[in-house]
Protein chains: 2
Amino acid sequence: MAKKRESSSDLKDQILETTEVLLRRYGASKLSVVDVAREIGMSHGNVYRFFPSKTDLLNAIAAKWLEKVHVPLGEISICDLAADQKLKLWFETLIKIKRKKFLEDPQLFAVYLELAGHQLEQVNNHVDTLVTQIEKIIEEGKQTGMFSVLDTRKAATNLFHATATLHHPVFVSSPYYPAEEEVIELLNFLIRALS
Amino acid sequence: MAKKRESSSDLKDQILETTEVLLRRYGASKLSVVDVAREIGMSHGNVYRFFPSKTDLLNAIAAKWLEKVHVPLGEISICDLAADQKLKLWFETLIKIKRKKFLEDPQLFAVYLELAGHQLEQVNNHVDTLVTQIEKIIEEGKQTGMFSVLDTRKAATNLFHATATLHHPVFVSSPYYPAEEEVIELLNFLIRALS
DNA sequence: TAATTGACAAATGTCAAATTCTGTCAATTG
DNA sequence: CAATTGACAGAATTTGACATTTGTCAATTA
């Protein structure tokens, strides 16, 4: 009963999209591979050709999610702005993206939050990518004499840790999230500290 | 069948102590007010004279817990040390206390962690107490010309937020907790930023 | 009459049976 | 013969009957 041939990658994308739709509609706890397959109109066995396990499918969803975070930030990290301005914009954008994702799509955000607790490697890679972007901006600031730090990598790591209350999923989704004013205040304080 | 009279406050303390014992022994999920009362040898109905609800009882446990955090820190905040040294010691102590509580008493830590998510007011008060202590230390540093910040309160809030990865219960109990070296690195970076 | 009890209703938790889901694979389709 | 199905075993989840717990309060005690 095989249907008309479709490109593998199209089908893979369709599975991912449908999974996102169902995650948004019913949340992670109600997601079953059988449902995803039924929604597309195929047997669930076939989904396993593309994703060896449900966990792999969810990881792929999370990976897409994370990409949407670090791609726009990557663009900022290579844009044409003074280092301090750029660093501020970079963090403001990171924070805006996270807040927006949380507010617009709490169900998907919850999936990410849950996965963040289990998928050490994927999260570590994501953090590494982001810290490396910060590192580049600080390095530029050093070149122009705007910043003066001994160890750029350490400074970047410090900035990322110190701003965790502003972008870490646990805080972003918490009622303790600081007011806009406090966010700006903390960012300015930290960026000033690099001079 | 009333037993011999005991001071109200003694009985209240006894309930709290017994609750802690049972929390440590069986964890929060297995704690029942009936068990607490039986362990003491009274009817559970009587516990409700002292704590209007089980939640109130658990909140009182958390309050005791929080006190054990900010009392020793309060002592540091008024001790005889240079402001930068004092600030470093204060944060190191905060971090050490949290880590120790988590490692030595994960059951009680879990109670605190759960409550931290619900009890906005109690947690806010606790944070406020701590930020005020930081504020005092920074103020001293300003007097001696060691620190130079415009708004002491804001600086204290910034420091507290920026160190959240080092002392916030979610992070303290997470596998992502930074290595000792990174902790020191971040503290030095932030304290230097006040100069 | 203040402290305490114990019987009680409503809410919550437990556990085993029933159902659904995951992941595999031999059979089927085009 | 590559893509897909559908039947299947074992794992995980849901259900619902039952047990415990929470919280109240009128009766009891000292």
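Proteins come first, then strands; the chains are lettered A, B, ... in the order of their sequence lines, and each starts at number 1. All values below come from the heavy atoms of this structure, side chains included, with hydrogens, waters and symmetry mates left out.
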Please evaluate residues F171(B) and F171(A) with respect to the criterion ring pair (Phe, Tyr, Trp, His ring centres under 6.0 Å), reporting the C-alpha separation (whole Å), side-chain torsions for both, the decisive distance (0.1 Å), and the verdict.
CA-CA 11 Å; F171(B) 288 102; F171(A) 288 106; 5.5 Å; yes
Between S43(B) and N46(B), is there a side-chain donor-acceptor contact under 3.5 Å, judged purely by atom types and distance?
no
Both R38(A) and N46(A) contact DNA chain C. Which one's nearest nucleotide lies toward the 5' end?
R38(A)
Looking at every strand, decide which applies to L31(B) at a 4.0 Å heavy-atom threshold: base, sugar-phosphate, or nothing.
sugar-phosphate
Quickly work out the K54(B) NZ to dT21(D) P distance and round it to whole Å.
9 Å
Mapping K30(B) and P52(B) onto DNA chain D by nearest heavy atom, which one lands closer to the 5' end?
K30(B)
Where do L94(A) and F160(A) come nearest, in terms of heavy atoms and distance?
CD2-CE1, 4.4 Å
Is there a donor-acceptor contact under 3.5 Å linking the side chains of T152(A) and K142(A)?
yes
Quickly work out the D10(A) CG to dT4(D) C1' distance and round it to whole Å.
17 Å
Identify whether any heavy atom of V34(A) sits under 4.0 Å from a base atom; if not, whether one sits that close to sugar-phosphate; answer base, sugar-phosphate or nothing.
base
Once hydrogens and angles are ignored, does a donor-acceptor distance under 3.5 Å link the base of dG23(D) to the side chain of H44(B)?
yes
When the nearest nucleotide of DNA chain D is assigned to G45(B) and to S43(A) on a heavy-atom basis, which residue is associated with the more 5' position?
S43(A)
Whole-Å gap separating C1' (dG30(C)) and CE (M42(A))
16 Å
Of the listed nucleotides dG23(C), dT24(D), dA3(C), the one nearest the side chain of Y48(B)
dT24(D)
Reckon S29(B) touches a base, only the sugar-phosphate, or nothing at all at heavy-atom distances under 4.0 Å?
nothing
Could you tell me whether S32(A) contacts a base, only the sugar-phosphate backbone, or nothing, with contacts defined as non-hydrogen atoms closer than 4.0 Å?
sugar-phosphate
